[in-house]
Amino acid sequence: FEKLRPWQQKACKAWKDSDSKGIIQAVPGSGKTWLGLFLFQEAQKKNTDLRLLLVCPRLTLADQWEEEIQEKIEMPKDEIFRVDSSNVVNAFEIAQDHFHERTAFLVLFNQVEKLLKNGYWKKFNWFLIVDELHNTPIDYIFPNDFHGMLGLSATPNKKQNVDSLNLGKI
């Protein structure tokens with residue numbers, strides 16, 4: 001907790017008080033990424049087989065998250081799986097073969113619905129982070145089967161009412 005700024009500590013407490021579900025609204029560069037990774041690590045201490053599902057809108061953002069995960073929480077690159085169709089066709093299907101061996105899965109918005117559709121993922125324990133959630137496809141609702149749900153955005157209500165996403169309150 002001591003690594004967090006005062007606003008992050010307050011946000012962390014509010015998120016935990018909301019049954020580990022909620023949206024962090026803060027300006028770019030304020031530390032939303034670190035807060036998300038901190039909360040994941042805290043949850044993983046209680047649930048050692050917890051996996052991270054990180055959803056974001058663009059490949060460049062996925063690249064940044066991959067670097068941050070390796071650097072900030074010292075997760076080896078071979079524990080991270082990229083679920084993006086620029087690398088392989090049907091990446092969401094291939095990702096399922098790695099659920100048992102990887103810890104973090106980075107998926108773009110255009111693949112997340114396919115990845116979560118068949119329900120196989122529910123055999124594992126997951127922590128969900130949705131970065132730039134204001135770019136989530138309209139009318140998409142995240143399943144409620146996560147051991148922690150966190151949305152991150154500077155402008156959460158930019159395109160839609162975030163209550164419809166099922167990620168909790170701001």
Check: K3 side chain, F38 main-chain N or O, donor-acceptor pair, under 3.5 Å: no
Backbone of T103 reached by a side-chain donor or acceptor of E79 within 3.5 Å: no
Test log, rule side chain to side chain contact (heavy atoms under 4.5 Å, CB included), inputs L133 and I23: CA-CA 9 Å; L133 69 94; I23 297 167; 3.6 Å; yes
Side-chain (R58) to main-chain (C56) donor-acceptor, under 3.5 angstrom: no
Beyond-backbone contact of V130 with T136, side-chain heavy atoms, under 4.5 angstrom: yes
Q111 side chain vs L108 backbone, donor-acceptor pair below 3.5 Å: no
Residue pair D131 / V55, side-chain heavy-atom distance below 4.5 Å: no
Aromatic plane relationship, W15 with F127 - under 30° parallel, 30 to 60° tilted, over 60° perpendicular: tilted
Side chain to side chain contact (heavy atoms under 4.5 Å, CB included) between Q44 and D49, worked out: CA-CA 7 Å; Q44 200 178 38; D49 67 342; over 6 Å; no
Stepwise side chain to side chain contact (heavy atoms under 4.5 Å, CB included) check, Y140 with N166: CA-CA 9 Å; Y140 186 74; N166 192 36; over 6 Å; no
Spacing of CD1 belonging to I170 relative to CD1 belonging to I24, to within rounding of 0.5 Å: 10.0 Å
Flag for Q96-N118: side-chain donor and acceptor within less than 3.5 Å: yes
Test item: S18 side-chain N/O and A14 main-chain N/O as donor-acceptor pair under 3.5 Å: yes
Rounded distance (nearest 0.5 Å) linking atom CD of Q64 with atom CD1 of I69: 12.0 Å
CE-CG distance between M149 and D145, expressed to the nearest 0.5 angstrom: 8.5 Å
Main-chain N/O of P76 paired to Q70 side chain as donor or acceptor, under 3.5 Å: no
Least distance between heavy atoms, A95 atom then V83 atom: CB-CG2, 3.6 Å
Heavy-atom closest pair, residues S153 and P156: OG-N, 3.2 Å
Gap between atom CG of L116 and atom NZ of K122 - 0.5 Å precision: 9.0 Å
Ring centroid separation H98 to F81 under 6.0 Å: yes
Value rounded to 0.5 Å, distance of OG1 in T33 from CD in E71: 11.0 Å
4.5 Å side-chain heavy-atom contact, K45 and F40: no
Heavy-atom pair of closest approach, residues R5 and Q8: N-OE1, 2.7 Å
Electrostatic pair R82:D63 at N-O distance under 4.0 angstrom: yes
Exam field: side chain R102 to backbone I80, donor-acceptor pair closer than 3.5 Å: yes
Check: N144 and K21 side chains under 4.5 Å, non-hydrogen atoms: yes
Check: K77 and E66 side chains under 4.5 Å, non-hydrogen atoms: yes
Side chain to side chain, K72 and W34, heavy atoms closer than 4.5 Å: yes
Distance in Å, Q25 CD paired with K32 NZ, rounded so as to fall on 0.5 Å steps: 9.0 Å
Side chain proximity check, E68 to L37, heavy atoms < 4.5 angstrom: yes
Heavy-atom side-chain contact between E132 and L152 under 4.5 Å: no
L53 reachable from Y120 in the ILVMFWY side-chain graph, under 4.5 Å edges: yes
Candidate list F142, F146, F105, test ring pair (Phe, Tyr, Trp, His ring centres under 6.0 Å), partner W121, passing option: F146
